[in-house]
Amino acid sequence: MTIDLLTASRALGIGRTKAYQLARTGEFPCRVWRVGRSYRVRTTDLQAFLGMETARRSRRSASRRKDR
């Protein structure tokens with residue numbers, strides 16, 4: 001799943017102009033794909049950058065241990 005560049009930039013606290021500038025120069029903190037005229041960011045990349053992936057993995061691991 002992907003989200004648009006503006007949504008990702010809001011999550012990172014980056015303004016619109018700066019987000020597009022970083023995307024064009026390849027310096028956006030997450031990997032950015034150009035699809036037609038828009039930019040897309042994979043949600044898992046954004047979550048990993050924000051440190052949310054670790055929490056999701058630990059919840060998944062805990063639920064697997066609980067099922068045993």
Side-chain angles (χ1 to χ4, degrees):
M1 291 183 45
T2 63
I3 56 174
D4 61 279
L5 185 67
L6 292 180
T7 303
S9 67
R10 282 187 210 116
L12 296 170
I14 299 172
R16 178 185 185 274
T17 304
K18 187 67 171 179
Y20 279 101
Q21 177 188 9
L22 293 173
R24 277 192 303 275
T25 60
E27 297 177 31
F28 196 78
C30 304
R31 188 169 175 195
V32 176
W33 284 276
R34 182 81 190 248
V35 180
R37 296 181 70 189
S38 65
Y39 290 97
R40 305 296 295 178
V41 176
R42 196 166 62 171
T43 53
T44 54
D45 292 345
L46 179 61
Q47 290 171 338
F49 183 80
L50 293 172
M52 297 170 64
E53 184 177 19
T54 316
R56 195 176 83 228
R57 278 189 182 165
S58 21
R59 277 186 298 211
R60 225 186 291 157
S61 297
S63 69
R64 284 183 187 156
R65 282 187 296 241
K66 188 189 280 185
D67 292 340
R68 290 182 187 172

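Note that the coordinates shown come from a computational prediction; the quantities given were computed from them, not determined experimentally. For this chain, numbers begin at 1 and follow the sequence in order.
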Under 3.5 Å, side-chain donor or acceptor atoms of residues 8-23 against the rest of the protein: list the pairs with distances, not counting sequence neighbours.
residue	atom	partner	partner atom	Å
S9	OG	L5	O	3.3
S9	OG	L6	O	2.8

Counterpart residues, side-chain hydrogen bond (donor to acceptor under 3.5 Å, both in side chains), relative to T7 (two or more places apart): D4
Sequence neighbours excluded - side chain to side chain donor-acceptor pair (under 3.5 Å) pairs with any residue from residues 26-42: T2-R40, R34-Y39, R42-T44, R42-D45
